[in-house]
Amino acid sequence: MDTSSHREVRSLEPTHTLAEYVSALETALTTDGAALGCGPIHSTTVPSNISLLVATSGSTGKPKEIALTSSALIASAQASNKYLKAAKGNTWSLLLPLTHIAGINVLVRALQLGTQPFDLRNHVGVYPQADFTAIVPTQLFSALNENAELLKHLQSATAVLVGGASLSQELREQGEAAGINIVATYGMSETCGGCIYDGVALDGVTFEIAENGQIKISGPVLAEVERENGWFVTQDLGRVVDGKLQVIGRSDDTIISGGENISLSAIESEINKRFPHLNVAAFATTDSKWGHALHVAVESNDETIKAAISDLLAQTIGAHTKPKSVILLDKLPRIGIGKVDRISLAKMVN
């Protein structure tokens with residue numbers, strides 16, 4: 001194979017310093033030197049226009065390598081900073097791992113502002129003040145319930161991006177009541193991370209809802225992915241309300257149990273309404289009698305919650321949503337930085 005138009009991929013280990021990451025990223029974005037690999041990358045070379053490879057397992061558990069150009073990454077960072085009204089000299093703090101696009105985005109945004117981000121990935125004690133930061137919902141939950149210093153850090157920021165997984169309305173309201181200026185982001189590695197903020201597309205980005213309800217995205221932030229007439233078709237379902245995008249679940253989110261359709265995200269939403277302080281996940285296993293069996297996992301050691309959840313679902317949605325089991329865990333297994341690993345949960349009850 002002719003590799004003359006290719007460039008080497010350089011993957012950094014977790015032991016590398018933030019300064020080394022920033023330097024490698026800046027080189028990847030601005031020169032024809034090595035591209036940067038994030039996560040468990042197996043490719044050793046990429047086409048010369050690719051600056052970043054991001055490893056992602058997605059919700060299916062199948063590994064992928066998402067190829068991003070410098071123009072897409074810079075367009076994403078500039079659009080994000082523009083939406084937030086970030087100015088030269090403003091600062092970002094890094095609270096996300098650099099094996100994921102969300103962490104890399106913080107570095108690119110800071111580079112665009114001419115500043116170095118504060119590295120708070122393993123921080124203990126008093127946090128420095130930063131103008132902007134990005135977190136996942138579990139970190140917001142932790143700040144509100146466990147980590148007082150992180151809470152102060154989020155409260156002092158001009159804006160806090162929250163993405164990587166679904167942000168429940170209840171958790172958002174708790175955060176805003178605590179004085180955090182939350183901006184909910186929607187996107188994925190294929191769109192250079194978040195590209196729709198609080199339902200509004202970033203500069204240059206466009207979204208539509210396909211006839212089957214799937215969200216389609218176009219714009220300069222797209223990775224080198226398969227497109228349909230210029231659109232990247234996501235696996236997420238959405239609707240437009242007052243001109244803003246509302247994500248309502250995934251196209252692969254619905255199971256059929258005993259002939260009844262059950263939305264896993266709807267199950268989680270219903271539980272969160274009654275128990276807003278619980279981290280919960282609905283998942284399914286195959287069942288010879290029913291097709292699929294519904295289960296619920298909860299971050300709790302309270303045995304009484306099992307019956308409470310079963311009764312709640314039966315009363316509010318229907319008897320067919322009474323879970324086959326409710327399991328209690330110290331921590332929900334997660335894919336990457338935010339999404340619950342439903343495959344691992346299913347293995348626990350099989």
Side-chain angles (χ1 to χ4, degrees), residues 9 11 25 28-29 35-43 46-47 49-80 83 96-109 134 136 161-167 184-197 199-210 212-238 245 247-253 334-339 341:
V9 177
S11 292
L25 178 62
L29 292 175
L36 184 60
C38 299
I41 297 296
H42 300 290
S43 298
V46 291
N49 66 320
I50 302 303
S51 295
L52 182 73
L53 273 187
V54 180
T56 175
S57 59
S59 60
T60 64
K62 295 180 180 178
K64 294 185 292 183
E65 293 180 358
I66 307 301
L68 297 161
T69 64
S70 60
S71 61
L73 289 159
I74 292 171
S76 172
Q78 291 178 340
S80 176
Y83 181 95
L96 299 169
L98 292 173
T99 50
H100 298 276
I101 186 62
I104 293 295
N105 277 340
V106 169
L107 305 192
V108 185
R109 294 175 194 133
V136 293
L161 303 182
V162 184
S166 176
L167 173 64
T185 71
Y186 170 73
M188 54 222 63
S189 296
E190 291 89 343
T191 62
C192 282
C195 63
I196 296 172
Y197 285 11
V200 177
L202 294 184
D203 193 34
V205 176
T206 306
F207 65 83
E208 285 186 1
I209 308 300
N212 63 359
Q214 286 180 253
I215 301 167
K216 304 191 301 182
I217 297 174
S218 68
V221 300
L222 289 187
E224 298 298 285
V225 291
E226 184 178 343
R227 310 179 191 190
E228 293 183 6
N229 298 318
W231 295 93
F232 169 65
V233 182
T234 76
Q235 293 300 307
D236 296 314
L237 301 174
L245 175 67
V247 182
I248 58 178
R250 287 184 58 84
S251 59
D252 55 3
D253 176 63
R334 295 186 181 273
I335 300 171
I337 58 173
K339 296 181 178 66
D341 187 350

By side-chain contact (heavy atoms from CB on, under 4.5 Å), Pro47 pairs with (sequence neighbours left out) His6, Asn49, Ile50

Side chain to side chain, [X] and [Y], heavy atoms closer than 4.5 Å:
X	Y	result
Leu237	Ile215	no
Asp236	Tyr186	yes
Leu52	Ile101	yes
Phe207	Ser218	no
Leu107	Asn105	no
Thr206	Ile217	no
Val205	Cys195	yes
Cys192	Leu68	yes

Evaluate the criterion side-chain contact (heavy atoms from CB on, under 4.5 Å) for residue pair Val108 and Ser76; output intermediate values, then yes/no.
CA-CA 9 Å; Val108 185; Ser76 172; over 6 Å; no

What's the shortest heavy-atom distance between [X] and [Y], and which atoms?
X	Y	result
Ala28	Ala35	CB-CA, 4.2 Å
Ser43	Leu53	CB-CD1, 3.8 Å
Ala184	Leu167	CB-CD2, 4.1 Å
Gln214	Thr234	NE2-O, 2.6 Å
Ser80	Leu202	N-CD1, 4.0 Å
Thr99	Val54	O-CG1, 4.4 Å

Please, which pairs that meet salt bridge (charged side-chain N to carboxylate O under 4.0 Å, His left out) have at least one residue in residues 212-234, sequence neighbours excluded?
Glu208-Lys216

Nearest 0.5 Å, what's the NZ-OG1 distance between Lys64 and Thr56?
6.0 Å

Got a second to check how far Ile41's CD1 is from Leu36's CG, nearest 0.5 Å?
9.0 Å

Quick check: does any side chain N or O of [X] sit under 3.5 Å from a backbone N or O of [Y], one acting as donor and the other as acceptor?
X	Y	result
Glu65	His42	yes
Thr185	Leu161	no
Lys339	Arg334	no

Given the rule in the side-chain contact (heavy atoms from CB on, under 4.5 Å) test, do Ile74 and Thr69 qualify, once you have shown the distances and angles that lead to the verdict?
CA-CA 9 Å; Ile74 292 171; Thr69 64; over 6 Å; no

Between Leu29 and Leu73, does the side-chain contact (heavy atoms from CB on, under 4.5 Å) criterion hold? Intermediate values first, please.
CA-CA 8 Å; Leu29 292 175; Leu73 289 159; 3.7 Å; yes

Does Asn229 CG have over 12 foreign heavy atoms under 6.0 Å away?
no

